[in-house]
Amino acid sequence: MHNAPSLAGQPALRRTALIVAAGKGLRAGGDIPKQYALHQGKPLLRHSVEAFAAWQRGCAIMVVIGEGQQALAEAALAGLADVSFVTGGAERSDSVRAGLLAIAAQGGSDRVFIHDAARPHLSSAVLDRLDDALDMQPGAVPVLSVVDSLARGDAGLMQAAVDRAGLWRIQTPQAFHFKAILSAHLAWPEGALATDDSQIARAAGLGVALVEGDEALKKITFAEDFAMDSPRPATMPRTGFGYDVHRLAAGEELWLGGIRIEHDRGLVGHSDADVALHAITDALLGAMALGDIGEHFPPSDPQWRGADSARFLAHAASLVRGKGAEITNVDLTIICEAPKIGPHKLAIQSRIADILDLHPDQVGVKATTTERLGFTGRGEGIAAQAVATVLAPHPSPSAKDASA
């Protein structure tokens, strides 16, 4: 399980995914409940668990299962570590309440993400938007706009049109401050039906923010839904370019590509002045139109004085993945007369791959000189340029006008 770097030293928030998988799934047909049926080569439930397990911000995972479903659940999630189970109730609200109480019994959490196992294609971008919204409100739900015309009907005949302005389609996961949603569930009347947890939260007076959802989060309900070829949005390659320069000076350590190289001079900068990692950081940020390194780590901020540039690169990677994008490769060129980069290329390649959680074959490292021309040719400094390629979802219609 990955965790995003803590940039300001704050204690990590405790996050828990509560995946509801206790239903019988009768409308989907089949011999077993739909959450354990195969969808695109793996049990439906496994898609959601893997999505939470891969989330960069990290979370514990609890699955609410039906009576007698333990063996099915364990088989569906074979090989996945750190997943706990709790038995649910007759209604969805009963199952969620059982899960919340089980989390409380295990020491509680700061935030909980309540998700239906029948929505398998969950992106980290949706999770990030929900998590960010919880900084402002005790609850948050992903929504999609209503694009079709609406009308009331009676006796099979169309009646008055319904204004779709301000109407939203609600999805899961639904995110809440843990103690707030637990109290709301405990206050919910026994036997009262609730379509989702945001309804229970609103009944308790909690503010629930609306964030942009994802068309890929379609709920699997009927047998024909299992035949969908690929509900994920199409991806497109995006490319970013980065360039950085720092001067050489005596008495400084030389850091290049995340490793220290013995040399008579080192690079000068507010951080460790690693031009290679700075160039790759800018390339990744540029690929997703996320600004540049100076915007995220201003040289005027004293907390970055002497900082390890690996932190900058890891943060850029987490931002890219938070947008639902996959880093496919980076290509780095270091430009200098000295030191010789060749003896260090494999170590630099390995270190960059480790920071980005990539295979070394996805990291290109090259070096060149300027034939003693210019500031690099005179040995006054070192330059680096980098290109990064990512596969990112096509931009989707935004729910930016949605508000709590």
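Position 1 is the first residue of the sequence; numbering continues from there.
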Carboxylate-amine/guanidinium contact Arg15 Asp110, below 4.0 Å: no
Taking the ring centre of each residue, are His315 and Phe297 less than 6.0 Å apart? yes
Does the pair Asp116/Arg92 count as a salt bridge with the N-to-O cut at 4.0 Å? yes
NZ/NE/NH1/NH2 to OD/OE distance under 4.0 Å, Arg169 and Glu215: yes
Does Arg129 pair with Asp132 as a salt bridge, N-O distance under 4.0 Å? no
If you measure from the Lys or Arg side-chain nitrogens to the Asp or Glu carboxylate oxygens, is any gap between Arg378 and Glu337 under 4.0 Å? no
Residues Val390 and Met288: closest non-hydrogen pair is CG2-SD, 3.8 Å
When rounded to the nearest 0.5 angstrom, what distance separates CG in Asp361 from CG in Asn329? 11.0 Å
Kindly list each side-chain donor-acceptor pair under 3.5 angstrom involving residues 340-353, sequence neighbours excluded, with atom names and distances?
unit_1 : atom_1 : unit_2 : atom_2 : d
Gln349 : NE2    : Pro360 : O      : 2.9
Gln349 : NE2    : Val363 : O      : 3.0
Arg351 : NH1    : Asp354 : OD2    : 3.3

Taking the six-membered ring where the residue is Trp, are the ring centres of His270 and His246 under 6.0 Å apart? no
If you measure only the distance, is there a donor-acceptor pair under 3.5 Å linking the side chains of Asp196 and Gln174? yes
Counting only heavy atoms not in Glu295, do more than 12 fall under 6.0 Å of its CD? yes
Taking the side chain from Glu252 and the backbone from Val268, do they hold a donor-acceptor pair closer than 3.5 Å? no
For side chain to side chain contact (heavy atoms under 4.5 Å, CB included), just list the numbers for Asp197 and His185, CA-CA rounded to whole Å, side-chain angles, deciding distance to a tenth of an Å, and then say yes or no. CA-CA 8 Å; Asp197 301 289; His185 265 275; 2.8 Å; yes
Can a salt bridge be assigned to the pair Glu253 and Arg260 using a cut-off of 4.0 Å between side-chain N and carboxylate O? yes
Between the side chains of Thr328 and Thr389, does any donor sit under 3.5 Å from an acceptor? no
